[in-house]
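Written below as structure tokens is the structure these notes are about.
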Amino acid sequence: MRIRTRITLMARERGLTAAEVARRLGLYRSNLSAMDAGRRAASVRLLGRLAEVLGCHPGELLDT
């Protein structure tokens, strides 16, 4: 089972684009998109960094 994330949705809710989030993390936008689609795994460390940028808890980024 693939784990999908809600990065793009959470970013939009906070007035950020996915491209802006990717830039702040030093990632390519395509990698962020792949994580959202479940094609690429997000490490625990990256989830922590994403949560920091988005002002939420890492668990909130996971799509259940």
Side-chain angles (χ1 to χ4, degrees):
M1 183 171 123
R2 292 183 180 171
I3 297 175
R4 296 181 59 148
T5 59
R6 301 173 19 156
I7 300 165
T8 305
L9 177 66
M10 298 287 280
R12 268 192 237 135
E13 289 174 355
R14 285 149 177 79
L16 297 170
T17 64
E20 176 65 17
V21 173
R23 187 190 64 74
R24 289 182 186 191
L25 293 170
L27 299 174
Y28 289 109
R29 170 66 181 95
S30 58
N31 288 339
L32 208 58
S33 177
M35 282 184 258
D36 257 356
R39 295 187 310 269
R40 182 178 207 106
S43 68
V44 173
R45 175 184 261 174
L46 181 57
L47 283 175
R49 289 176 53 210
L50 278 163
E52 236 177 74
V53 168
L54 297 173
C56 65
H57 295 285
E60 293 177 78
L61 295 169
L62 302 177
D63 188 19
T64 55

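Worth saying up front: this structure is predicted, and the values here are computed from it rather than measured.
Pairing each heavy atom of Pro58 with each of Ala51, the nearest pair is N-CB, 3.7 Å. The two atoms that bring Ala18 and Thr8 nearest to each other are CB-OG1, 4.2 Å, heavy atoms only. A pairwise comparison of heavy atoms in Met35 and Ala42 identifies SD-CB, 3.5 Å as the closest pair.
Under the 4.5 Å side-chain heavy-atom criterion for Ile, Leu, Val, Met, Phe, Trp and Tyr, Leu25 and Leu62 are members of the same hydrophobic cluster. Note on Leu9 and Leu27: separate hydrophobic clusters, where clusters join Ile, Leu, Val, Met, Phe, Trp and Tyr whose side-chain heavy atoms are under 4.5 Å apart, directly or indirectly.
Sequence neighbours left out, the pairs with a member in residues 40-49 that pass side-chain hydrogen bond (donor to acceptor under 3.5 Å, both in side chains) are Asn31-Arg40. For the side-chain hydrogen bond (donor to acceptor under 3.5 Å, both in side chains) condition, the pairs that include at least one residue of residues 12-22, sequence neighbours left out, are Glu20-Arg23, Glu20-Arg24.
Distance alone, capped at 3.5 Å, places no donor-acceptor pair between the Arg6 side chain and the Leu61 backbone.
Rounding to the nearest 0.5 angstrom, the gap separating the SG atom in Cys56 from the CD1 atom in Ile7 is 9.5 Å. Atom CE in Met10 sits 10.0 Å away from atom CG in Leu50 (nearest 0.5 Å).
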